[in-house]
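A short worksheet on the structure shown next.
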Amino acid sequence: MGLFGRLVDDLVNTFVSILKGHQVTWRNLWRERVTLQYPNERPKLPERYRGLPGLHPELCIVCGACAKACPVQVINIQGRKIAGTRHRELVRYQLEAGRCMFCGLCEEACPTKPVKAIRLSNTFELAVADKSALVLEIPQLLEIWKSKPVEVPEEQYLAATPKKLAAQELAKQAEGEKPKAEGAEAAPRPKRVAAEGGPAGG
Amino acid sequence: MNLPITLTGIVEGALAPLGLQGLTPLVVYLLDALIILLLLIMPVVTILIWLLRKMLGFIQRRLGPMRVGPFGVLQTIADAVKLFHKEDLFPANADRVVFALAPFLVFVPAVLVYVVIPFGQGDGFVTKDLSVGLVYLTAVTSISAIGIITAGWSSDNKWSLLGGLRSAAQLVSYELPMTLALLGPPLMAGTLSLSGIVAAQQSVWFVVPQALGFLIYFIAALAEIAHLPFDLPEAESELVAGYNVEYSGMRFGLFFLGEFANSFTICLVATVLFLGGWHLPFLGGLPLTSWQTGLATVATMALLGGGIWYLNWRRAGWTSATRWHWLGYVSAAILAAIVLVAGLVGFISVVITLVKTSLLVFVLMWLRGTLPRVRVDQLMSFGWKALVPLGLVNFLALAFQAATGIPTGWVLNLLFFVFVGWLLLFAWRKRWAYSAVS
Amino acid sequence: MATETKQTSEPDGVLRLGGPGLAAEPTGDIHEIETDHLEVSMGPQHPSTHGVLRLKVKLDGEWVTEVQPEIGYLHRGVEKIAENRTYFQFLTITDRLDYVAAMACNAAYAVAVEKLAGLTVPPRAELCRVIVQELDRIASHLVSVGTYGLDLGATSPFIYAFRDRETILDLLEMVCGARLTYSYIRVGGVARDLPEGEWRTRFRQFLDEFPPMLDEQDTLLSENEIFLLRTRGVGVLPPEVAVNYGTSGPVLRGSGVAYDVRRSKPYGLYPQLDFNVVTRPTGDCLARYQVRVEEMRQSVKILRQCDQLLDEIPPGEVLAKGARGVKPAAGEAYASVESPRGEMGVYLISDGSNKPYRLKWRSPSFVNLSVLSAIGRGWKVADLVAIIGSIDPVFGDVDR
Amino acid sequence: MSAHQLAFLVLGVLILVSALMVVTVRNLVHAALFLILCFAGVAGLYVLLQAEFLAVAQVLIYIGAITVLILFGIMLTRKITGGAQPPLASHWKAAGAGAGAFLLLLLYVAMTGQWQVSDQPPMDSTTTLGLALVTRYVLPFELASVVLLAALVGAVLLARDETR
């Protein structure tokens, strides 16, 4: 191919290639949009979505597995024994959402059944005006927890909370019976769980 | 068409008691320029920017601006307000005077161009129909190069200096093929006045006998205004943003507006010089009443506007983001009414010109949505090795035709048409070595 | 593999490489008039550096005479963090390395720990791993190819690429709940089995719809003459230089060296799968781009096989026993996977505790980037942008 | 006072002041910008004289092309502000004498020359100009073209890169 032939070939290539690109963009001009008008239209989140962690304080057995499993140590948990029983209740539960990386290890470590006390919700709008608002306390955490639907009916999962179990235990003690571990079996022993969740604190 | 009350009359009446009648033409010019700036350029540029973002969005399967006003029409105004609010920054070592001056050197010529452009038929639609209109056009557009290179230099930033130098080289190089291509229409029309050139296109638009010239002009003009395949002076991925890196606030806004005003200008000039200005296709030779022309134009406008509306509706649907859609229909109705009335009164030629221009603007946006950017040496070699020789051949053929009557120009363009036809018919099916790999 | 190189040390200490692109290298001394070289800093806040890369560039007009990458702006001390996390916990940190292809990071780490601790991964988990890794490879290559278009000034391919990537991210989100920081591939298996029902339908739909979309998007770039002008013959990396610098992934395969960890050091389910190692002989930017595009097609091929395997391998256990509290015996191990950017390797030393004694991350982006100062010289600024884009570094991966 | 006179006055002052600034200002870029202003003023004078084509050509060539090149050159040099040197060149006396002599010559020609003055502007100055260039002044026109061509070839030769 001579110089002229090459020139013509180049010209043809250029023209046709540019026209082809335009054909693509023209086709796309008539296609449906793929974007979402976000605040007006909400994204449909999958069931496994990992958003802000929420906590149900009634369900928590204060085993500390979540705090130990957390790779970035954003969970600060304080509990106390309910006097005279083997059960514990929450005193304080702090989650520093600003440092949380939504890995979900806390949820995986949580031993409560049938619903986990700490669950990653579908909340993904995390912007706050003040950094201190990112430190979540129990009331906020409960709200977040409740924002995600639960398959089990409420009366069922709230049937065996540590407080109720403790009350039962105390009542039984008052009746003079030896505290049997009937209710405690519903809530597994914390020590074993902690070992499974990884001894982060150790 | 002349309005019953002329601007000149009003100004003269106002100045006469002061004994300053002599200044009337000057004041009329200034007022004319102001009116053009405020009533034409600003709204047109505003709408253009919206249109560009909308079209780009559609091409990319997005919606583009949707928040401010119906379908986001007022987005540009919101952006301008934001730009006005921004702090006007000066870099520490900048040459303050030059830095402050440069945006105006870019923006003012972009506006000055409109002085000679006939928007419609008759004296009322052109500020000053210079007998050397075409030369004026090229002269004024060449000024913006100074603004760009001084902007690049005065920012005291290496990237913007590089951008400024690039653009200076680019503007100077592409002025040559552009001017060569622009020589065609006046040669055929026998006048340099833009109104005269449009008038000469009554029977046949110059894009037919000057297809090659039109193509060269359009490509070179793209390079002149630094539009996408040639937007090297502000290649954001290479030079950050080129000459306007350091600009902020309304000074940046002026560059921005100037750029869009320029893209409107090149389309307008192409319309006036090659696409027959206010003449309608195939109807150029027919005597049409303003009614008929008006109806034809309304139909075109409805098609254009309806197209965009349809696209937007199809994508956005009836979400709450489009709850102001009725405002869109109202404004469309008002627009249609204006066009209808304009057709009756005689403004219709302006509307036709603008419709043609906006079709060309759409082509610009289409290009912008499709092409990558060329490299600086490729740009130069394309300009000097392809466009300049082609432009010279085209011009010589036409000049020979004008001097001797032998239709060399026609033959050349016939060949061009044959080439394009062959390209579309046969080469389209060719598979490329690089298309399917492995 | 070729080890002979054409490197020669010049008397002035400047390393010159013999490549077709470098033969035309301009230097300051060719001009009789003394000229200044312009030294500019490209980055760390430059729109085309794919992250926080800073390049010290010396320019002679538009020509690049010297380029030196400066890294470390994103350094987070990941290797040190590893020493303070249990083997299981550290996995969540690996998401932050190559954040464009976090599945590969998860996989590299998991494979290394499994080798160190002698864990056996359940077959279903292996299948899940391949699926998410290949999906993630496509997503990562889409980012690379899309932003490459953007580097060269084309905006639409970028948007189209991200549109398709969005589909993949949706799929991965359904699998593990996150779009970038998956933490899905765990030490000893995967976090959960793949969801059934809707996910499977959408997965198949994606496999059908993606290839034509890819072709269309590719038309915009590799069939466009301007794009070809910008990439063909630009930034040529000769195979011997590529090997000597230790590059891997598309950068190496673009130079014609058929090295792919999935084939060369097979792991997981890959030996059973049928796919080609894509190479291109030319070693220019276009070759690297094309390798990526073709690898996406190969990934689709792999995923189609996996779709069948999903029916053959029944759902079951997806995490090996004892993976959570894994405590490897004292020793060391190196394992690597083929990330979208190349060989991503993890070298682990255990002292017998539940935390790594030392972790070394061999990040492909870091190694690939080092070749930049060798091939970046002698081109124009615009070409430099094209070259960086074709190397496709991810800074989470480079700086660690 | 008519608009004409006012415009002439304004333009005259503009041209003189900017011309003075061009030679006195130390910053070379500023000098170039004043040069643009000066050229623009001259273009304005052409407009006043109804020589539209000349005015536009002045803008196109002097402002749009020549000063762009001057600026281009200046910006690539290092010392834009001129440093501590006195603004006057060392041979200012000789230069001044030359300029003075030229001024005298101009004055003499202006005073003694026969200037055709008519109230009617030429009907189409562009056509007249074009015809004059290709008929009566064809030789000087072609000579100038040859000189420019030679300069062009010379520039290419100078800028050519032997090694590339």
*Part of B:Leu192 lying under 4.5 Å from any heavy atom of chain D*: side chain
_Please classify the contact between D:Ile61 and chain B as side chain, backbone, both or neither, with a heavy-atom cut-off of under 4.5 Å._
neither
*For the student: nearest non-hydrogen atoms of B:Ser142 and D:Gly64, plus distance*: OG-CA, 3.3 Å
*What's the spacing between B:Ile146 CD1 and D:Ile70 CD1 if we round to 0.5 Å?*
10.0 Å
*B:Phe99, CZ atom: more than 12 neighbouring heavy atoms under 6.0 Å*: yes
*Crowded around B:Phe90 CZ? As in, over 12 foreign heavy atoms under 6.0 Å?*
yes
_Per-residue contact mode, B:Val172 against chain D (heavy atom under 4.5 angstrom)_ = side chain
*At their closest point, which heavy atom of B:Tyr136 faces which heavy atom of D:Val56, and how far apart are they?*
N-CG1, 3.3 Å
*Measure the CG-OG1 distance between D:Leu60 and B:Thr141 for me, rounded to the nearest 0.5 Å.*
8.0 Å
*Side chain, backbone, both or neither: which part of B:Thr150 has a heavy atom under 4.5 Å from chain D?*
both
_Engaged part of D:Leu71 at the chain B interface, taking heavy atoms whose separation is under 4.5 Å_ = both
